[in-house]
Engineer: 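First, the structure itself, so that you have it in front of you.
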Amino acid sequence: MASPNSYKLSCSIPGHEMDVRGLAVAFFPDGAFTSVSRDRTGRVWVPNSSPDRGFTEMHCMTGHENFVSCVCIIAPSDTYPRGLIATGGNDHNICVFTLDQPQPLFTLKGHKNTVCALSSGKFGTLLSGSWDTTAKVWLNEKCMMTLQGHTAAVWAVVILPEQGLMLSGSADKTIKLWKAGRCEKTFTGHEDCVRGLAVVSDLEFLSCSNDATIRRWLVTGECVQVYYSHTNYIYSLAVFPNGQDFVSTGEDRTLRIWKQGDCQQTIRLPAQSVWCCCILPNGDIAVGASDGLIRVFTEVEDRMANPQDLQAFEDELSKTTIDPKTGDLGDIKMEDLPGREHLEEPGNRDGQTRLIKEGQNVEAYQWSVADSRWMKIGDVVGGSNQQTSKKVNYEGKEYDFVFTIDINEGGPSMKLPYNVTDDPWLTAHNFLQKNELSPMFLDQVANFIIENTKGHTLGAAAPSAADPFTGTGRYIPGSGTPTGAPVGVADPFTVKDNPISLLKGQTSTNIYFPKTDGVTFEQANATQIMAKLKELNGGAPGEYRLSEEVLESLEKLLVSVCNPCTTEQPTTEQISLLWKTSHWPEDIVFPVLDILRLAVRHPQVNDSLCGGDADDGVALCNHLLSLMKPQGRPANQMLALRTLCNCFSGWRGRALLLAQREAVLSHAADLCSVCNKNIHIALATLVLNYAGSLHGQPDLEAKAQCLSVASAALESVQDKEAVFRLLVALGTTVASDQTAQDLAKSLGVMSQIAKYTSVTDPAKVGECCQLVLKELQ
């Protein structure tokens, strides 16, 4: 017999073919709710009168071109007395449906990336959150305002009861309170991405996060309570009508029921990710999970599933395979685990977990207060002692490792099987392709594999690619270690273990763009730079000659910015001397510019020269642009371009260059006609960095300039590396942006680059070109 406060399974609802990502209670009919899924559909479920007390699908909605991520119900109005259903998807759109037809009544367009959160308010107002870092307010099929201020994806939004107040939660770890389109307050406290928000009252709300905590806030800014119980990401929250109790779900496979401030019950599910929850009008709880099922739980005995179905649910749970890397169980040492006798002792609280050793296996059990017994919740694989000694069975095959990967762009947690004999980069590539994920995650996934297999990889060693113009035994501006002894100085745009070579000929998979992280020029030989500086200083005009003390300061600065292991930090005096010395006569300034190129990568120097004072940043830009005149010295032109590229390594430098974009790109375009491959590579890299910074942004004017400069450069550039970077810049600019694609077509880009499709040396040029053309078709 269940205790009065204990929830048990009422029914399981099949229907969706993939993860159920969102749930919302409908206004009509009574007791109905709506679900959305990665299978690109939304469905309305109504209670039926069958003995299993289940739900029947009443309505199926289609219209999204990609995964559906979220759903909310717009309240009934005179025009739509049964209300409307709004859904957001990975196709960047919001579709709004009635119950009368499967196709959208209308579609709201405006976001530049996945719409992952929706909330409705009074008078038909709709609030949306997106990976494009913005929230938007919609009314009468129009975007009324865009809420800008977050620096990462907006994962959660909610409209508070008080008119005009809205909340947004973001991957930047903050929550913002908005009024009339202005940010009134920023709430800080979470240590990771904020994933969910729920209204408690006019004055309070809850938030949940990837940091595995739930926080209760006052709208005035105070965090009044932090709730701990989950052991992994928390995805969703729903508040009971009493305004105090609530439920939560997360990546630890659980639904947790909170009453009077404590976690009163933990219900584990036979699915890794429990994405969403809602509280039905009768007080039952519906949850959606990564196995495509919706499950309803009730505390009313008459609505509980029959004993056979309850036992079947428990049996399914007991057969689950648990990966300790999900964070739920921690590291496991077989030799330290007790046997079955450990289950003879009762648990201390509902949901308490115990692990026991059963032969050569590890089993997990959970204490149920309602039933006063330990329930098996799964078999554990992948413990520390098993990683090297025991294979893990996955989809009928044995692997050394089966990882759970959570890509933080909204897809579900996915299984990644791996053997130590596999190439980590090829495995990562295949994983991304199989799960339809962006190639931007290639590095992240491959490095995750390498780090979590303790280096047991058989892939090729990372190539040592020296700078293309490095000389031998003498100083050349911008060079690194002499060619005779390259020591791990990889080209800044070469991926580790070169996955490009692994994918030769597979042009259908895009591993090249969009490229959003800045490309920098890292090569350095501090000894030769200083030797040349001292040599030129000896013949410098008297008013420019540096004292030994100044030379020593510049040398210390150079060492501090080139050696990541040093504890020495650049001083204000050193930065000031560098800035002053960078105004040496143009015929001798190039070694100083080389120091400047390297120094602006350092956060302290970047902050100081690029924006410690607004005038300082503009002065730096103007000085570098003065060195880029077409009639200037090639070494200075190249080093000025490289310095601008390296400014993108810091947020102040990036902000400065975006603000000065028109002037910088105009001056850079003037160097297209200079016949120097090193200048062309630096120019192409600068355009690529601008394209990456603008990707996902709505600034069409800026993208138009990037397209224009790239197109102009391709008219004269011959070097294949420069061509490749320009192609990646083009691809990054037009990726997922129809307006930019149309503009590129109008500029004749397709016919201009078609000649590169047959280039096989290097293969990346032809492959990237084909992908750009595919994007533009």
Side-chain angles (χ1 to χ4, degrees), residues 466-485 489 520-563 568 570-602 605 608-609 619-647 667 671 674 676-679 681-682:
D467 188 75
F469 56 86
T470 300
T472 302
R474 66 185 180 88
Y475 169 71
I476 295 179
S479 68
T481 305
T483 304
V489 183
T520 55
F521 291 89
E522 305 285 333
Q523 298 79 11
N525 188 315
T527 302
Q528 290 187 354
I529 292 174
M530 286 308 302
K532 177 57 68 173
L533 179 60
K534 291 174 182 178
E535 175 190 332
L536 293 173
N537 185 57
E543 68 270 28
Y544 292 105
R545 192 167 301 161
L546 307 177
S547 66
E548 287 298 318
E549 183 179 355
V550 171
L551 287 170
E552 184 178 348
S553 289
L554 290 175
E555 186 165 13
K556 287 182 178 178
L557 171 63
L558 180 58
V559 170
S560 69
V561 299
C562 289
N563 183 359
E568 296 287 332
T571 66
T572 303
E573 181 184 8
Q574 290 169 351
I575 298 171
S576 177
L577 287 172
L578 173 62
W579 173 243
K580 181 179 179 181
T581 312
S582 70
H583 291 77
W584 259 17
E586 290 192 17
D587 59 333
I588 61 172
V589 74
F590 58 89
V592 184
L593 295 179
D594 222 356
I595 299 175
L596 180 64
R597 164 184 72 92
L598 296 164
V600 294
R601 301 170 305 154
H602 192 284
V605 181
S608 177
L609 293 182
L620 174 66
C621 254
N622 289 339
H623 179 49
L624 293 173
L625 296 183
S626 72
L627 297 168
M628 289 165 51
K629 298 185 297 288
Q631 66 272 24
R633 294 177 176 266
N636 294 348
Q637 293 168 338
M638 178 195 68
L639 289 168
L641 283 168
R642 290 185 162 200
T643 302
L644 289 169
C645 291
N646 285 4
C647 284
H667 280 74
L671 296 179
V674 175
N676 184 305
K677 74 170 187 177
N678 301 321
I679 289 175
I681 291 173

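Index from 1, following the sequence. These numbers come from the heavy atoms of this one structure, side chains and all, not from hydrogens, waters or symmetry mates.
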Engineer: Ignoring hydrogens and angles, tell me if any N or O in the side chain of Trp584 forms a donor-acceptor pair with the backbone of Tyr544 under 3.5 Å.
Structural biologist: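 Indeed, once roles are kept as given, a pair shorter than 3.5 Å links the two residues.
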Engineer: Tell me, do Cys647 and Leu620 make a side-chain contact under 4.5 Å, heavy atoms counted?
Structural biologist: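 Heavy-atom side-chain distance check passes, below 4.5 Å.
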Engineer: Got a second to check how far Leu533's CG is from Ile529's CD1, nearest 0.5 Å?
Structural biologist: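 It is 9.5 Å, given to the nearest 0.5 Å.
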Engineer: Kindly list each side-chain donor-acceptor pair under 3.5 angstrom involving residues 553-563, sequence neighbours excluded, with atom names and distances?
Structural biologist:
{"unit_1": "Ser553", "atom_1": "OG", "unit_2": "Glu549", "atom_2": "O", "d": "3.2"}
{"unit_1": "Ser560", "atom_1": "OG", "unit_2": "Lys556", "atom_2": "O", "d": "3.4"}
{"unit_1": "Ser560", "atom_1": "OG", "unit_2": "Leu557", "atom_2": "O", "d": "2.8"}
{"unit_1": "Asn563", "atom_1": "OD1", "unit_2": "Cys565", "atom_2": "N", "d": "3.0"}

Engineer: For Asn646 and Phe521, indicate whether the former's side chain and the latter's backbone hold a donor-acceptor pair under 3.5 Å.
Structural biologist: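 Yes; judged by distance alone, with no hydrogens or angles, the pair exists.
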Engineer: Using the test side chain to side chain contact (heavy atoms under 4.5 Å, CB included), find all partners of His667 that sit at least two apart in sequence or belong to another chain.
Structural biologist: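 Listed in chain order: Leu625, Met628.
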Engineer: Side chain to side chain contact (heavy atoms under 4.5 Å, CB included) with Pro630: which residues, sequence neighbours excluded?
Structural biologist: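 Once residues adjacent in sequence are excluded, the partners of Pro630 under the side chain to side chain contact (heavy atoms under 4.5 Å, CB included) criterion are Asp670.
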Engineer: Please name the residue in the list Asp594, Val600, Leu593 that meets the side chain to side chain contact (heavy atoms under 4.5 Å, CB included) test with Arg597.
Structural biologist: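 The residue from Asp594, Val600, Leu593 that satisfies side chain to side chain contact (heavy atoms under 4.5 Å, CB included) with Arg597 turns out to be Asp594.
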Engineer: Output the distance between atom OG1 (Thr643) and atom CZ (Arg601), rounded to the nearest 0.5 Å.
Structural biologist: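 These two atoms lie 10.5 Å from each other.
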Engineer: Taking Gly542's backbone N and O only, do any of them form a donor-acceptor pair with Arg545's side chain (distance below 3.5 Å, no angle check)?
Structural biologist: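 Such a contact is absent between Arg545 side chain and Gly542 backbone.
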Engineer: Any non-hydrogen side-chain atom of Met530 less than 4.5 Å from a side-chain atom of Lys534?
Structural biologist: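 Yes, their side chains come closer than 4.5 Å.
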Engineer: Can you find a heavy atom in the side chain of Pro634 that is under 4.5 Å from one in the side chain of Val674?
Structural biologist: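 Contact flag for Pro634/Val674 side chains = no.
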Engineer: Donor-acceptor pair, Asn636 side chain versus Leu627 backbone, under 3.5 Å?
Structural biologist: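 Not confirmed, Asn636 side chain does not pair with Leu627 backbone.
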Engineer: If you measure from CD on Glu552 to CG on Leu546, what distance do you get to the nearest 0.5 Å?
Structural biologist: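 Atom-to-atom, Glu552:CD and Leu546:CG are 13.0 Å apart.
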Engineer: Taking all atoms of both residues into account, what is the closest heavy-atom pair of Asn678 and Met638, and its distance?
Structural biologist: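 Nearest heavy atoms, Asn678 then Met638: CB-SD, 3.6 Å.
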Engineer: List the steps and the verdict of side-chain contact (heavy atoms from CB on, under 4.5 Å) for Leu609 and Leu596.
Structural biologist: CA-CA 10 Å; Leu609 293 182; Leu596 180 64; 3.6 Å; yes
Engineer: With sequence neighbours left out, what residues match Lys580 under salt bridge (Lys or Arg N to Asp or Glu O under 4.0 Å)?
Structural biologist: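 By the salt bridge (Lys or Arg N to Asp or Glu O under 4.0 Å) rule, Lys580 matches no residue at all.
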Engineer: Using salt bridge (Lys or Arg N to Asp or Glu O under 4.0 Å) as the criterion, list what pairs up with Glu586, not counting sequence neighbours.
Structural biologist: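 Result, salt bridge (Lys or Arg N to Asp or Glu O under 4.0 Å) vs Glu586: Lys629.
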Engineer: Listed by chain and number, what are the side chain to side chain contact (heavy atoms under 4.5 Å, CB included) partners of Ser626, not counting sequence neighbours?
Structural biologist: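 Here the qualifying residues are His623.
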Engineer: I need the minimum non-hydrogen distance between Ala635 and Phe590, along with the two atoms involved.
Structural biologist: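 Smallest interatomic distance, heavy atoms only, reads CB-CB, 4.3 Å.
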Engineer: What closest approach, in Å, do Val605 and Ala599 show between heavy atoms, and which atom pair accounts for it?
Structural biologist: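 Smallest heavy-atom distance, with atoms named: CB-O, 3.2 Å.
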Engineer: Compare every heavy atom of Ser582 with every heavy atom of Val589, then report the nearest pair and how far apart it is.
Structural biologist: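 Result for this residue pair: CG2-O, 3.3 Å.
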Engineer: Quick one: closest heavy-atom pair of Ile588 and Pro541, and the distance?
Structural biologist: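 Scanning both residues, the minimum pair turns out to be CD1-CD, 4.5 Å.
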Engineer: Would a distance-only check, ignoring hydrogens and angles, find a side-chain to backbone donor-acceptor pair under 3.5 Å from Ser576 to Thr572?
Structural biologist: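 Looks like no, no N/O pair under 3.5 Å.
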Engineer: Glu568: which residues meet the salt bridge (Lys or Arg N to Asp or Glu O under 4.0 Å) condition with it, sequence neighbours left out?
Structural biologist: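 Salt bridge (Lys or Arg N to Asp or Glu O under 4.0 Å) check on Glu568 returns nothing, list empty.
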Engineer: Identify the heavy atoms of Thr520 and Cys645 that sit nearest to each other, and give their distance.
Structural biologist: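 So the minimum-distance heavy-atom pair works out to CG2-O, 4.2 Å.
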